[in-house]
Amino acid sequence: MTAETDTRTTTVYRVTGMTCGHCEGAVTAELSALPGVTSVKAVAATGEVTVVSDAPLAEDAVRAAVDEAGYALADRA
């Protein structure tokens, strides 16, 4: 799901494999390093990661960052 407010874009991704706060931190750190990302909130209990960015992010960049953290970006329905 993606929503644009003002000049920022908020996108919610599903990430599989997160089980704890350490997992949330690893995913948050990798996604926060992407250019244009201003905020990341990962929730292991739901597998949802909310990313706020200056512009829509390329899904392959998000997938690579999540993979680098050791988790998997779920395919969108």
Side-chain angles (χ1 to χ4, degrees):
M1 174 175 82
T2 302
E4 293 186 35
T5 55
D6 296 320
T7 60
R8 299 194 193 260
T9 300
T10 301
T11 307
V12 179
Y13 298 96
R14 303 259 323 140
V15 174
T16 59
M18 294 190 303
T19 60
C20 64
H22 179 267
C23 301
E24 294 169 347
V27 170
T28 297
E30 290 296 331
L31 290 171
S32 293
L34 293 176
V37 171
T38 58
S39 171
V40 178
K41 178 162 178 58
V43 180
T46 62
E48 290 187 345
V49 180
T50 303
V51 179
V52 179
S53 56
D54 293 331
L57 300 172
E59 188 169 324
D60 60 336
V62 174
R63 189 173 301 279
V66 170
D67 185 61
E68 182 66 27
Y71 305 94
L73 185 65
D75 291 330
R76 294 185 184 197

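Bear in mind the structure is a predicted one, so any value in this text is a computation, not a measurement.
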Inset, instruction - Begin with the C-alpha distance, continue with both residues' side-chain angles, and end with the deciding distance and a verdict on side-chain contact (heavy atoms from CB on, under 4.5 Å) for L73 and R14. - result: CA-CA 6 Å; L73 185 65; R14 303 259 323 140; over 6 Å; no
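Note: K41 NZ to T10 OG1 = 13.5 Å, rounded to the nearest 0.5 Å.
Summarising the geometry of M18 relative to V43, their closest heavy-atom pair is CE-O, 3.7 Å, with the distance given to 0.1 Å. Nearest heavy-atom pair across Y71 and C23 is OH-SG, 3.2 Å. The nearest pair of heavy atoms linking T16 to A74 is CG2-CB, 4.2 Å. When all heavy atoms of A69 and A26 are compared, the pair lying nearest together is CB-O, 3.7 Å. In terms of heavy-atom proximity, A42 sits nearest to T28 at CB-OG1, 3.7 Å. Of all the heavy atoms in V40 and L31, the pair that sits closest is CG2-CB, 3.9 Å.
A side-chain donor-acceptor contact under 3.5 Å links E24 to the backbone of A44. Between the side chain of R63 and the backbone N or O of A58, no donor-acceptor pair lies under 3.5 Å.
By the 4.5 Å heavy-atom criterion applied to side chains, V51 and L57 are counted as neighbours. No side-chain heavy atom of Y13 sits under 4.5 Å from any side-chain heavy atom of V27.
Note on V52: it does not cluster hydrophobically with V66, by side-chain heavy-atom contacts below 4.5 Å among ILVMFWY residues.
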